[in-house]
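These notes concern the structure reproduced below.
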Amino acid sequence: MKRYSAFALVREALNGHKGWERAWRNAQPKAHYDAIIIGAGGHGLATAYYLGKNFGITNVAILEKGWLGGGNTGRNTTIIRSNYLQDPSAAIYEKSRALYETLSQELNYNIMFSPRGVMMLAQTEHEVRGYRRTAHANALQGVSTEFISPRRVKELVPIIELNGPRYPVLGALWQDRAGTARHDAVAWGYARACSDMGMDIIQKCEVTGITREGGRVTGVQTTKGDIACDRLGIVVAGHSGVLAEMAGFRLPVESVALQALVSEPIKPCMDVVVMANTVHGYMSQSDKGEMVIGGGADGFNNYTQRGSFHHIEETVRALVETFPMISRLKMLRQWGGIVDMTGDRSPILSKTPIEGVFINCGWGTGGFKAIPGSGWGFAELMAKGTSPLTDPFSLNRFGEGRFIDESVAAGVAH
Amino acid sequence: MLILKCPYCGVMADETELSPGGEAHLTRHGPGSDDTEFEAYLFMRENPRGVHFERWRHAHGCGKWFHAARCTQTLEVFGTYSAQTTRPPQDLLDTISEKRPGWRWRDLA
């Protein structure tokens with residue numbers, strides 16, 4: 001792999017840009033791998049990357065039904081934060097946020113991490129109490145957050161209306177090292193590094209069956225033939241239930257569409273991320289100048305990657321109250337992604353009843369921010385069978401009543 | 001937007017007029033049941049990509065709970081039926097079999 005650098009840029013500029021190579025190889029499946037990861041999204045690729053980097057397992061294939069990073073990795077609103085309430089969540093999300101800080105250098109790929117700060121507005125008395133509690137929990141967990149006053153909110157976000165008639169701004173939970181990153185680049189950067197370690201990324205290869213022998217996984221059936229493996233990681237977000245059924249176990253997960261939209265581009269006007277969980281809306285400004293707006297999830301199961309118009313209306317109506325200047329903005333694009341929701345709104349990173357099969361799912365509405373930490377922990381789980389980061393998130397926590405309840409703490413918006 | 005016909009008041013109700021109520025025909029496992037059954041009752045849910053049966057409530061209308069059969073992949077609605085049953089009516093199952101040959105949901109064929 002040729003390294004990207006200022007020097008390489010000059011060299012290629014003088015060379016008519018003819019020397020750039022493909023970021024990753026287009027591989028065909030071999031007969032056997034030590035580990036197969038299903039799903040070449042951020043989490044799957046990060047898992048493969050840390051399997052190779054931290055544990056020296058490089059005979060790995062990453063299978064993808066569609067194209068690399070074309071699922072929720074390319075459909076989220078790119079927010080990165082770690083101000084969660086529960087200790088296991090704070091541990092994995094803060095690990096993730098910390099890895100994001102140096103990910104561009106590590107992968108030699110600019111993922112455009114922008115620690116611009118994330119603000120979660122408190123717009124009811126209940127939220128004020130909730131966020132104060134979270135700020136205290138974060139202080140104990142070593143996650144740097146603070147509860148700030150409406151005056152400070154206005155200083156950070158001049159375009160905000162503090163005294164909205166329905167939802168006045170009473171304060172906010174502020175994490176100054178949180179922010180955004182370029183979502184596609186995260187997947188592409190990991191893919192390039194995986195391919196460089198000799199791993200095979202196989203796109204347009206749908207898994208149609210999982211073969212087992214005596215309660216142990218032996219391989220997968222795919223649209224490109226049968227492939228044998230010793231270990232299998234299922235990292236497919238919204239379609240986890242479908243894959244689990246192939247492997248012969250059930251998941252406490254339901255899939256729903258979550259949607260987002262962007263406005264026409266305007267001049268820079270807001271340099272932080274603002275989340276308003278009471279009204280189910282959050283907004284940031286992209287480098288292109290578009291206002292990126294995340295909305296609510298559908299209340300019923302579906303796999304449509306589309307979303308519903310009335311949710312956009314609800315989200316935008318509420319945001320216009322808090323940001324009156326966006327009322328004349330035209331919305332450019334809208335899209336949906338299928339998120340896998342668990343009962344306690346925390347992910348599942350776990351062994352499964354089938355030996356050799358591991359599952360990483362249930363990130364719900366908040367998976368993007370967790371990509372590096374999830375990959376780090378899940379790779380350790382797949383390599384060693386246990387990981388301090390992922391052990392609390394095991395599948396049997398539901399039966400044992402060990403919930404990691406973030407549904408109250410985080411609201412809908414992740 | 002989903003439009004479901006309320007089987008009680010007969011209104012074609014928009015999604016905004018309704019409240020989704022999750023998976024249909026759950027059997028309640030309470031005290032006395034074993035751990036696996038109780039866990040499944042509380043947390044394990046059917047999550048099919050295709051034919052699904054759900055509970056809905058005509059919240060901003062007559063207020064009644066009812067059942068709906070729907071495709072989660074296309075959002076096609078196969079039909080709605082009364083809440084006072086533990087099994088979808090046979091004619092609805094036949095309609096679904098016509099439209100989605102080979103479909104499966106729990107022990108329904």
Side-chain angles (χ1 to χ4, degrees), chain A residues 65 206 236-246 249-257 259 296-314 317 336 338-346 348 353 361-362 364 394-403 405 407, chain B residues 1-4 13-26 29 31 33-60 65-78 80 100 102-107:
Chain A
K65 177 175 73 169
E206 182 172 356
V236 296
H239 289 72
S240 297
V242 179
L243 267 297
E245 199 180 327
M246 285 179 202
F249 62 93
R250 294 183 78 192
L251 285 174
V253 158
E254 289 185 282
S255 299
V256 301
Q259 61 182 333
D298 283 341
F300 51 86
N301 292 27
N302 66 81
Y303 285 83
T304 52
Q305 294 190 322
R306 201 160 63 201
S308 332
F309 184 74
H310 70 272
H311 278 304
I312 301 178
E313 199 179 5
E314 283 163 18
R317 190 168 58 206
I338 303 306
V339 298
D340 39 344
M341 309 294 279
T342 59
D344 59 2
R345 299 295 182 262
S346 285
I348 296 167
C361 70
S394 67
L395 192 50
N396 55 16
R397 74 171 185 271
F398 296 94
E400 293 168 1
R402 262 187 312 105
F403 312 119
D405 188 358
S407 56
Chain B
M1 181 170 309
L2 274 181
I3 300 172
L4 302 180
D14 282 355
E15 188 184 328
T16 46
E17 195 174 328
L18 302 161
S19 294
E23 185 179 337
H25 309 306
L26 289 176
H29 290 277
S33 62
D34 71 43
D35 285 358
T36 320
E37 280 174 341
F38 190 52
E39 180 189 1
Y41 161 61
L42 285 178
F43 298 109
M44 299 297 176
R45 290 291 176 268
E46 294 300 322
N47 192 22
R49 184 174 53 172
V51 178
H52 195 34
F53 295 87
E54 293 171 319
R55 276 154 51 87
W56 285 80
R57 184 169 173 256
H58 194 185
H60 300 285
W65 284 97
F66 62 93
H67 285 123
R70 206 167 52 77
C71 175
T72 61
Q73 201 170 6
T74 61
L75 300 191
E76 179 179 359
V77 178
F78 302 117
T80 57
R100 299 281 189 281
W103 72 279
R104 194 162 54 81
W105 190 83
R106 284 202 225 146
D107 54 348

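By convention in this document, chain letters (A, B, ...) are assigned in the order of the sequence lines, proteins followed by strands, and residues within each chain are numbered from 1. What you see is a predicted model, and the numbers here were worked out from it, not measured in a lab.
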For this session: Kindly indicate, with the supporting measurements, whether the criterion side chain to side chain contact (heavy atoms under 4.5 Å, CB included) is fulfilled by B:H52 and A:F300.
Result: CA-CA 10 Å; B:H52 195 34; A:F300 51 86; over 6 Å; no
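In this structure, A:L395 and B:E39 approach most closely via the heavy-atom pair O-OE2, 4.4 Å. For the pair A:R250 and B:A40, the tightest heavy-atom approach, listed with the atom from each and the gap, is NH1-CB, 4.5 Å.
A:Q305 is linked by a side chain to side chain contact (heavy atoms under 4.5 Å, CB included) to A:R75, A:I338, counting only residues two or more places apart in sequence or in another chain. Taking B:H60 as the reference, nothing meets the side chain to side chain donor-acceptor pair (under 3.5 Å) condition, with sequence neighbours excluded.
Only the backbone of B:T74 comes within contact range of chain A, with at least one heavy atom under 4.5 Å from a heavy atom of that chain. Of the two parts of A:F309, neither the backbone nor the side chain holds a non-hydrogen atom closer than 4.5 Å to a non-hydrogen atom of chain B. With a threshold of 4.5 angstrom between heavy atoms, A:V253 approaches chain B through its backbone and through its side chain. When heavy atoms are compared at a cutoff of 4.5 Å, A:S308 approaches chain B solely by way of its side chain, counted from C-beta outward. For a residue to count as touching a neighbouring chain, one of its non-hydrogen atoms must lie under 4.5 Å from one of that chain's; by this rule B:M1 touches chain A with the side chain only. Neither the backbone nor the side chain of A:F249 comes within contact range of chain B; no heavy atoms are under 4.5 Å apart.
To the nearest 0.5 angstrom, B:L75 atom CG is 5.0 Å from A:R306 atom CZ. Put simply, CG on B:L2 and CG on A:D298 are 8.0 Å apart, with the number rounded to the nearest 0.5 Å. To the nearest 0.5 Å, the span separating CG on A:N301 from CD on B:E46 amounts to 10.0 Å. Atoms OH and CG, on A:Y303 and B:N47 in that order, are 3.5 Å from each other to the nearest 0.5 Å. Put simply, CG on A:N302 and CD on B:Q73 are 10.5 Å apart, with the number rounded to the nearest 0.5 Å.
Each of B:D14, B:T16, B:D35 has some count of heavy-atom pairs under 4.5 Å with chain A, and the biggest count is that of B:T16. Top candidate by heavy-atom pairs under 4.5 Å with chain B, chosen from A:E254, A:H311, A:E245, is A:E254. No other option in B:G22, B:S19, B:P48 has as many heavy-atom pairs under 4.5 Å with chain A as B:P48. The residue among A:A257, A:S255, A:S240 with the most heavy atom pairs within less than 4.5 Å of chain B is A:S255.
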